[in-house]
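Whatever order the structure lists them in is the order used to number ligands and atoms, beginning at 1. Just the heavy atoms: all of them, side chains too, but no hydrogens, waters or symmetry mates, feed the values below. Position 1 is the first residue of the sequence; numbering continues from there. Nothing here was measured: the structure is a model prediction, and the numbers come from that model.
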Amino acid sequence: MRYQRVTLKLSGEAVSGDDDFGFNPDSLEHIADEILGLHACGVQVSVVIGGGNIFRGGVASQWGIERAEADNIGMMGTVVNSLLLRGVLTGKSDGKVEVRVMTSIEINTVAEPFIRLRAIHHLEKGYIVIFAAGTGQPYVTTDYTAAQRSLETRADAILFAKNKARGIFTADPRTTPSARMYQRMNYSTILTNNLTVIDQTAIILARDHNLPIHVFDFDEKGTSQRICAGQDTGTLVANVDQDVLED
Ligand code: UDP
């Protein structure tokens, strides 16, 4: 395996399926299968799951509430998704795989607080660790959380799971049919071209610490396993000298 320890970043939309909001049991089952498949290959897996299927802080003004308060609600949404995922992972593995949720905002009766060295210890023991409640701070996203937790837990890479996109493109392929996918690209291309596929704060953090990012189609089964095994499917964002576009 090229990677022994990875962070899988899922968006809330991975949970809601074809709908913008809510929960879809088939989607959750797919998420659980993919995570358990990766775990069965011997890869140490942590998961950061967003909350966009429940609430995003960006809609604060629409509700007439302060942004920081809206972000608190968004972070709580990620806790709901994380507990749901813990439940499904535990059920699907018949309780044979240990799954821990660690939160950045303490809710000790339902999950553990995030303690960095304990998280690493869990991963070393083969537990699946889900990081919930983002960073615990407003004005950032779970993309940033994924980069931060990856560095804290010494992950080899972040796997950014996308729905309905198989990588990073030169432009939006839905509106620009001539758009091409990057196979490999430098962090700086995302920043200078203002590509919004991943939160730019996450890109900067990953760039500064040389953390590889893979962006891939989560709907295609087994892709995360293939990436960990060494196959470059989707887009790899790293400190490459030259960007490479798909033919
Ligand atoms: N959030 C936050 N701090 C964090 C992580 C998340 O305030 O460290 C809030 C923010 O309001 C965000 C929401 O939680 O909009 C849900 O996370 P995100 O938008 O990243 O979810 P995704 O788009 O991945 O579903």
Side-chain angles (χ1 to χ4, degrees), residues 6-24 27-28 30-31 34-35 46-86 88 101-107 111 113-116 119 129-153 155 158-165 168 172 190 195-206 211 213-219 224 234 237:
V6 294
T7 308
L8 177 67
K9 165 63 182 46
L10 297 162
S11 292
E13 64 176 346
V15 178
S16 59
D18 289 335
D19 298 323
D20 289 339
F21 291 98
F23 313 95
N24 179 305
S27 301
L28 268 159
H30 172 64
I31 294 172
E34 291 299 301
I35 294 172
S46 63
V47 182
V48 171
I49 183 157
N53 59 318
I54 298 171
F55 198 83
R56 278 201 182 92
V59 300
S61 58
Q62 192 180 313
W63 290 84
I65 49 179
E66 273 184 277
R67 176 62 190 254
E69 184 74 314
D71 282 337
N72 286 335
I73 302 166
M75 284 188 275
M76 290 302 152
T78 73
V79 176
V80 173
N81 282 338
S82 299
L83 295 181
L84 203 52
L85 185 55
R86 178 176 68 185
V88 176
V101 173
M102 302 188 106
T103 61
S104 306
I105 297 170
E106 293 196 12
I107 323 176
F114 172 71
I115 297 170
R116 188 178 76 85
V129 181
I130 305 172
F131 297 123
T135 59
Q137 300 294 327
Y139 304 105
V140 281
T141 64
T142 51
D143 284 0
Y144 182 79
T145 311
Q148 182 171 337
R149 293 287 182 249
S150 295
L151 294 169
E152 286 181 288
T153 56
I158 315 182
L159 311 185
F160 268 95
K162 289 286 162 191
N163 303 93
K164 304 175 201 80
I168 303 180
D172 186 344
I190 297 186
L195 302 175
T196 53
V197 62
I198 300 172
D199 186 342
Q200 300 223 344
T201 58
I203 298 295
I204 292 168
L205 190 60
L211 177 70
I213 292 175
H214 289 267
V215 180
F216 69 102
D217 182 1
F218 191 63
D219 298 327
S224 56
V237 187

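- A donor-acceptor pair is defined here as one N or O able to donate and one able to accept, closer than 3.5 Å; no such pair exists between the side chain of Asn24 and the backbone of Val15.
- Residue Glu13 has no nitrogen or oxygen atom sitting less than 3.5 Å from a nitrogen or oxygen atom of ligand 1, judged on distance alone.
- The distance from ligand 1 to the heavy atoms of Gly134 drops below 4.0 Å at these ligand atoms: 4 (C), 5 (C), 8 (O).
- Listed by atom number, the atoms of ligand 1 under 4.0 Å from Thr135 heavy atoms are 4 (C), 8 (O).
- A donor-acceptor contact under 3.5 angstrom links the side chains of Thr201 and Asp199, judged on distance only.
- For atom 19 (O) of ligand 1, the nearest non-hydrogen atom of the protein is Arg56 NE, 3.5 Å.
- Of all atoms in ligand 1, listed by their number and element, those nearer than 4.0 Å to a heavy atom of Gly52 are 21 (O), 22 (P), 25 (O).
- Scanning all protein heavy atoms for the shortest distance to atom 18 (P) of ligand 1 gives Thr142 OG1, 3.4 Å.
- Distances shorter than 4.0 angstrom occur between a heavy atom of Pro138 and an atom of ligand 1.
- One option in Gly57, Gly51, Gly74 has a heavy atom closer to atom 15 (O) of ligand 1 than any other, and that option is Gly57.
- Ligand 1 has a nitrogen or oxygen under 3.5 angstrom from a nitrogen or oxygen of Gln137.
- For the pair Thr78 and ligand 1, the shortest N or O to N or O distance does not fall below 3.5 Å.
- The shortest N or O to N or O distance between Lys9 and ligand 1 is under 3.5 Å.
- Atom-to-atom distance recorded for Arg67:CZ and Ser61:OG is 9.0 Å, nearest 0.5 angstrom.
- The residue among Asp199, Val140, Ile198, Asp143 with a heavy atom at the shortest distance from atom 4 (C) of ligand 1 is Val140.
- Numbered from 1 in the order shown, with element, the atoms of ligand 1 that lie under 4.0 Å from a heavy atom of Gly50 read 21 (O), 22 (P), 24 (O), 25 (O).
- With ligand atoms numbered from 1 in the order given, ligand 1 contributes 5 (C), 8 (O) to contacts under 4.0 Å with heavy atoms of Thr145.
- Ring pair Phe55/Trp63 is tilted by interplanar angle, where 30° to 60° counts as tilted.
- Judged by distance alone, the side chain of Thr103 and the main-chain N or O of Ala132 form no donor-acceptor pair under 3.5 Å.
- In the candidate list Ala60, Gly58, Gly12, Ala133, Gly12 is nearest to atom 25 (O) of ligand 1, counting heavy atoms.
- Taking atom 11 (O) of ligand 1 as the reference point, the nearest protein heavy-atom neighbour is Asp71 OD1, 2.5 Å.
- Residue contacts with ligand 1: Phe55 is included, with a non-hydrogen atom under 4.0 Å away.
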